[in-house]
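Read through the structure below, which is laid out as structure tokens, and then see the notes.
Labels below follow one simple rule: chain letters A, B, ... track the order of the sequence lines, proteins then strands, and each chain is numbered from 1. Hydrogens, waters and symmetry mates play no part in the numbers below; they use all other heavy atoms, side chains included.
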Amino acid sequence: MSSQTANMPAESSGDDKGDVLLEVRGLKKYFPVTSGGFFQKVVGQIKAVDDISFFVRRGETFGLVGESGCGKSTTGRSILQFDKPTAGEIRFEGTDLTQLGSEQMRQMRKRMQIVFQDPYSSLNPRMTAGMIVGEPMTVHHTVHNRSELAERVRDLFELVGLNPEMAERYPHQFSGGQRQRIGIARALALNPSFIVCDEPVSALDVSIQAQVINLFEELQERLGLTYLFIAHDLSVVRHIADRVAVMYLGHIVEVAPAEDLYSHPLHPYTQALLSAVPIPDPAIEANRKRIILKGEVPSPLNPPSGCVFHPRCPIADASCESAVPELIEISPEHWVACFKA
Amino acid sequence: MNHLLEINDLRVEFSTDAGTVRAVDGVSYSVDRGETLAIVGESGCGKSVSALSIMGLLPKPAARIRSGEILFNGVDLLGLDNGAMRHIRGKEIAMVFQEPMTSLNPLLTIGLQLTEALQLHMNMNLGQAWTRAQELLERVEISEAQRRLKQYPHHLSGGMRQRVMLALALSCEPKVIIADEPTTALDVTIQAQILELMKDLTHEMGMALVMITHNLGIVARYADTVNIMYAGKIVEGGAAKDIYASPRHPYTQGLMRSVPRLDLPREAKLVPIEGQPPDLSQLPPGCSFQPRCPYAVDLCSQEAPLLLETSLKHTAACWLVDEIEAVV
């Protein structure tokens with residue numbers, strides 16, 4: 001396969017992309033920065049997501065990794081139209097969500113749900129666990145009477161490994177891991193086909209993380225779900241995702257099948273990121289080469305020229321300062337945006 | 001010979017609405033010059049409470065030290081009054097907290113916070129302290145030190161604030177640094193920067209480092225010795241290389257099996273620890289880990305096992321230690 005350019009992950013047409021459920025093309029999300037005065041004059045733009053494209057196949061887990069502020073959560077929120085994109089298309093089963101009216105979008109949301117990071121703040125403390133899980137079904141009128149609702153809530157509790165007897169309890173009576181299960185049950189209430197998982201295990205203790213990760217895997221297998229799995233923990237994403245995109249300062253710098261990305265990272269940022277993750281084995285750590293990046297992530301308010309990574313890149317040269325590298329398919333399914341890779 | 005810092009049978013209780021809770025229940029450990037000791041455990045296991053006890057920073061009156069001793073160079077810190085403790089805290093034993101935004105004073109410039117400690121503990125005048133503060137910022141690799149000294153904490157990024165915390169901890173050349181989840185709030189590339197810096201500086205200055213963390217990867221990379229805590233007790237301890245090569249306690253084994261690792265095959269199944277984290281106000285009888293333990297027998301719910309040496313300098317608190325295979 002020859003080198004393809006730019007937004008190829010999304011635009012290559014009619015070939016072996018397979019059964020695409022979600023396709024994001026040229027997505028941009030800019031947040032205006034205002035002067036704060038009476039007229040709220042716009043004095044700048046925070047380029048949280050700056051022209052990214054990718055697709056997600058039906059039934060797969062697509063991982064989105066990167067450090068805080070790279071735009072990964074904004075991408076998830078833009079896909080669900082919680083944040084209206086500044087530009088770009090979001091095609092879900094062929095329908096461009098950015099063109100839908102609010103009622104059409106409301107109907108669409110039944111099929112696309114989200115699980116949030118913080119199981120403490122994303123559950124209403126005044127509602128019982130059963131009410132929380134049942135609410136989407138009453139709002140969308142997918143159940144017709146009380147007994148049907150109760151039965152469905154019961155099923156959902158069992159599905160996520162919670163004792164249905166606990167439906168009468170309030171969120172504070174559950175542990176963090178159990179609360180995350182409630183959040184997952186709520187997301188599943190309307191039988192969605194696609195779930196955005198936004199850092200769903202990062203707030204949990206190590207021993208509980210594994211329980212929830214396994215639950216996500218089991219549910220995917222049983223219900224044929226498609227996940228967009230957003231996380232900063234590279235080990236977790238490697239474990240759960242089929243394909244992974246690495247984001248830096250609003251851009252996707254590399255996309256590849258998980259196995260390939262972790263064994264042959266091509267972008268210098270991906271390489272640094274992976275080498276920074278310590279492996280829980282002192283014998284391995286003693287001889288491991290690590291790339292310590294200089295400096296910190298620049299502000300998305302005033303991103304660097306050319307390749308956004310160039311000020312911290314160990315191999316950057318003059319060309320990286322002037323031109324923006326495009327995503328190029330280096331080997332099948334492995335795209336990287338770097339002049340040096 | 002005395003250890004630099006030695007904690008013996010420390011017991012700390014908290015009064016809560018749910019009754020008295022034993023946050024630290026008979027913990028002993030020691031650390032020497034140049035050594036890095038990691039205390040590992042999940043939320044509520046008592047790892048931070050043991051550190052706060054050393055610093056004399058337990059929230060009063062909710063917390064109460066029931067018994068035990070904390071020996072620094074042979075002197076029991078628990079017997080010292082506030083005045084004497086003030087000479088130890090910051091000067092001899094310094095602490096780096098998880099969240100630098102809440103542990104730096106938002107109303108004072110970086111310079112003022114650094115020079116305050118230097119004037120107090122190192123008998124410097126303002127000029128000397130200011131020069132030294134600038135050196136310290138350069139030492140923790142903060143650029144434009146002169147300008148940074150005049151800035152406030154909110155002007156700095158999270159990584160930079162943690163560097164300032166480290167400069168503050170190093171300022172009085174303490175013998176021991178206690179770092180409580182020092183990089184948990186930071187991104188992985190910044191975490192790597194801070195931890196490398198911390199390792200280099202403590203080695204260079206011959207300090208002892210007590211690192212409190214839940215991250216088994218960080219422990220593997222930086223610690224010489226490790227204590228694993230569960231529900232207020234140390235359940236396993238020893239040299240890092242021994243603990244990772246042959247973990248003896250079912251909890252340690254469970255922790256190691258439940259984290260995905262970059263060096264193992266991607267499809268390797270995670271084996272979680274079943275059940276929920278312990279509720280300290282309602283601990284089960286016997287071994288606290290027993291309700292979640294895949295090996296538990298009747299004895300485990302009757303009597304708590306003691307922390308005993310299983311091989312040279314490797315301890316574990318489990319009745320079945322000889323029956324369970326020591327593998328991950």
Side-chain angles (χ1 to χ4, degrees), chain A residues 65-70 174-178 201 203-215 217 232-242 248 257-259 262-263 269 272-286 288 290-297 299 312, chain B residues 40-45 141 143 157-160 186-193 195-197 214-224 226 239-245 251 254-277 279 292 328:
Chain A
V65 295
E67 300 180 281
S68 29
C70 73
F174 291 91
S175 68
Q178 289 171 325
V201 298
L204 305 176
D205 267 323
V206 180
S207 70
I208 305 302
Q209 259 190 21
Q211 293 180 359
V212 176
I213 292 171
N214 285 355
L215 176 64
E217 290 180 334
H232 71 280
D233 187 323
L234 289 125
S235 318
V236 168
V237 171
R238 174 178 179 267
H239 176 82
I240 200 164
D242 300 300
Y248 184 79
E259 198 69 64
Y262 285 83
S263 55
Y269 178 63
L273 209 52
L274 287 176
S275 88
V277 179
I279 290 172
D281 184 339
I284 294 175
E285 278 300 326
R288 203 155 155 250
R290 55 202 78 149
I291 307 162
I292 305 288
L293 287 179
K294 298 255 180 307
E296 305 196 8
V297 183
S299 160
R312 300 177 76 196
Chain B
V40 183
E42 302 180 283
S43 20
C45 74
E141 293 163 17
S143 56
S157 67
M160 200 101 78
L186 303 176
D187 276 319
V188 50
T189 60
I190 307 298
Q191 167 180 304
Q193 292 174 351
L195 290 171
E196 288 294 312
L197 183 65
H214 67 279
N215 186 321
L216 292 168
I218 290 178
V219 176
R221 188 177 278 186
Y222 297 102
D224 304 308
V226 182
K241 59 178 192 338
D242 294 340
I243 295 210
Y244 280 83
Y251 177 62
L255 272 187
M256 291 187 179
R257 287 174 192 150
S258 57
V259 286
R261 297 167 52 150
L262 290 183
D263 61 319
L264 293 182
R266 206 170 68 81
E267 49 293 338
K269 191 97 184 122
L270 301 183
V271 187
I273 300 176
E274 294 304 331
Q276 301 304 319
D279 177 350
R292 303 176 74 188
V328 179

- Query: B/V188 and A/H232: side-chain contact (heavy atoms from CB on, under 4.5 Å), yes or no, with the steps?
  - Reply: CA-CA 8 Å; B/V188 50; A/H232 71 280; over 6 Å; no

- Task: Flag yes if more than 12 heavy atoms outside B/K269 fall under 6.0 Å of its NZ atom; otherwise flag no.
- Result: yes

In terms of heavy-atom pairs under 4.5 Å, which option from [options] contacts chain A the most?
| options | answer |
| --- | --- |
| B/D279, B/I273, B/L262 | B/L262 |
| B/Y222, B/Y244, B/Y251 | B/Y244 |
| B/G217, B/G158, B/S157 | B/G217 |
| B/G159, B/A240, B/A220 | B/A220 |
| B/E267, B/K241, B/Q191, B/Q276 | B/Q276 |

Need one label for [X]: side chain, backbone, both or neither, based on atoms under 4.5 Å from any heavy atom in chain B.
| X | answer |
| --- | --- |
| A/A283 | neither |
| A/S263 | neither |
| A/E259 | both |
| A/L234 | both |

Is [X] reaching over with its side chain to a backbone N or O of [Y], donor-acceptor style, under 3.5 angstrom?
| X | Y | result |
| --- | --- | --- |
| A/E67 | B/T189 | yes |
| B/E42 | A/L204 | no |
| B/Q193 | A/L293 | yes |

- Message: Return the CG to OG distance between B/L270 and A/S207, rounded to the nearest 0.5 Å.
- Response: 12.0 Å

- Query: Roughly how far, to the nearest 0.5 Å, is the CD atom of A/E296 from the CD1 atom of B/I190?
  - Reply: 4.5 Å

Proximal component of [X], with respect to chain A [non-hydrogen, under 4.5 Å]:
| X | value |
| --- | --- |
| B/A268 | backbone |
| B/M256 | neither |
| B/V219 | neither |
| B/L264 | backbone |
| B/R292 | side chain |
| B/E196 | side chain |
| B/E141 | neither |

- Message: Between A/E285, A/E217, A/R238, who has the most heavy-atom pairs with chain B when the cutoff is under 4.5 Å?
- Response: A/R238

- Query: Which of the residues A/I292, A/V212, A/I279 is involved in the greatest number of heavy-atom pairs with chain B at under 4.5 angstrom?
  - Reply: A/I279

Which pair of non-hydrogen atoms, one from [X] and one from [Y], has the smallest distance, and what is that distance?
| X | Y | value |
| --- | --- | --- |
| B/P277 | A/I208 | CD-CD1, 3.8 Å |
| B/R261 | A/D281 | NH2-CB, 3.5 Å |
| B/R266 | A/H239 | O-ND1, 3.5 Å |

